[in-house]
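The block underneath contains the structure these notes are about, expressed in structure tokens.
None of these values were measured; they are calculated from a predicted model.
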Amino acid sequence: ELDDDAIYFPEIRVAEASYFPYLLMETLQTSAAWGAVRVVPLEHDSVDVLVSGEILKSDGELLTLSIKVTDATGKHWYTKEYRHKASKYSYNAKMQLPKEPFQNVYNQITNDLYLYLKTLQPNQLTKIRQISELKFAKSFSPNMFEGHLSQDQSGNYSVNRLPAEGDPMMVRIRQIRE
């Protein structure tokens with residue numbers, strides 16, 4: 001006998017793996033605490049803050065996610081498990097709630113990100129932005145930006161030097177990034 005909770009269809013999990021990040025992105029953007037929020041491939045590292053996750057359980061009633069947050073410097077912010085049980089009315093056609101059944105999970109993640117962000121000093125935020133910008137610039141012009149960053153054995157980045165103020169190449173890179 002098969003346990004209904006143990007059965008899932010791989011195509012549903014693939015769809016969830018795209019849909020859940022999209023819902024988190026929308027929640028982050030709605031919060032107005034962040035600038036541009038994008039869903040990016042996992043290997044993309046030239047962003048200020050990278051939120052990655054794993055679906056631990058998703059059966060329509062219970063959603064459990066493991067969320068890991070790091071910044072462009074390589075600093076690990078936190079890893080946390082989020083769990084939410086959908087309301088019994090979530091899937092009732094007569095009493096359908098007007099929101100996503102697991103919206104509370106995305107709200108919790110957004111709130112935790114904001115709370116962590118508020119613990120950072122302005123100079124830490126500047127460093128994160130500079131490093132993500134230089135990583136992006138290096139991805140477009142490796143030779144030009146090769147020596148601007150260094151990475152230690154732990155994977156943490158630091159700035160060796162910054163481009164000159166008003167550097168024409170950096171101006172173009174910023175336009176492309178936006």
With rounding to the nearest 0.5 angstrom, report the [atom1] to [atom2] distance, [X] to [Y].
X    : Y    : atom1 : atom2 : value
I109 : L24  : CD1   : CG    : 5.0 Å
L125 : L117 : CG    : CG    : 5.5 Å
Q151 : S158 : CD    : OG    : 9.5 Å
R83  : Q108 : CZ    : CD    : 11.0 Å
H84  : L62  : NE2   : CG    : 9.5 Å
D48  : S132 : CG    : OG    : 3.5 Å

Can D112 and Y82 be said to form a side chain to side chain donor-acceptor pair (under 3.5 Å), step by step?
CA-CA 11 Å; D112 287 349; Y82 294 88; 2.6 Å; yes

What about L115 and L50, same hydrophobic cluster or not, with Ile/Leu/Val/Met/Phe/Trp/Tyr joined at side-chain heavy-atom distances under 4.5 Å?
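No.
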
Would E133 and K135 pass as an ion pair if we require N to O under 4.0 Å?
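No, no charged N to carboxylate O under 4.0 Å.
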
Residues sharing M144's hydrophobic cluster, by side-chain heavy-atom contacts under 4.5 Å among ILVMFWY, directly or via others?
I131, L134, F136, F140, F145, L149, Y157, V159, L162, M169, M170, I173, I176

Could you walk me through whether V105 and F20 pass the side-chain contact (heavy atoms from CB on, under 4.5 Å) test, one step at a time?
CA-CA 10 Å; V105 169; F20 293 164; over 6 Å; no

Steps toward side chain to side chain donor-acceptor pair (under 3.5 Å) verdict (Q103, T27):
CA-CA 8 Å; Q103 185 60 46; T27 305; 2.8 Å; yes

Side-chain donor/acceptor pairs under 3.5 Å, residues 28-36, sequence neighbours excluded:
| residue | atom | partner | partner atom | Å |
| --- | --- | --- | --- | --- |
| T30 | OG1 | E26 | O | 2.7 |
| S31 | OG | L28 | O | 2.6 |
| S31 | OG | A33 | N | 3.3 |

[X] side chain to [Y] backbone, donor-acceptor under 3.5 Å:
X    : Y    : result
D71  : I128 : no
S154 : N156 : no
N111 : N107 : yes

For the student: nearest non-hydrogen atoms of [X] and [Y], plus distance:
X    : Y    : value
N160 : S150 : OD1-OG, 3.0 Å
Y106 : E100 : CE1-CG, 4.1 Å
S66  : L56  : CB-CD1, 3.9 Å

Looking at side-chain heavy atoms only, is the closest gap between I67 and W77 below 4.5 Å?
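They are not in side-chain contact.
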
Please work out whether the ring planes of Y78 and Y116 are parallel, tilted or perpendicular, with thresholds of 30° and 60°.
tilted

Other residues, nucleotides and ligands only: do more than 12 of their heavy atoms fall within 6.0 Å of CZ on R177?
yes

Working for side-chain contact (heavy atoms from CB on, under 4.5 Å), residues M25 and R38:
CA-CA 7 Å; M25 177 198 68; R38 303 286 181 259; 5.6 Å; no

I'd like to know if the side chain of E16 pairs up with that of S58 as donor and acceptor (distance under 3.5 Å, no hydrogens or angles considered).
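There is such a pair between these side chains.
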
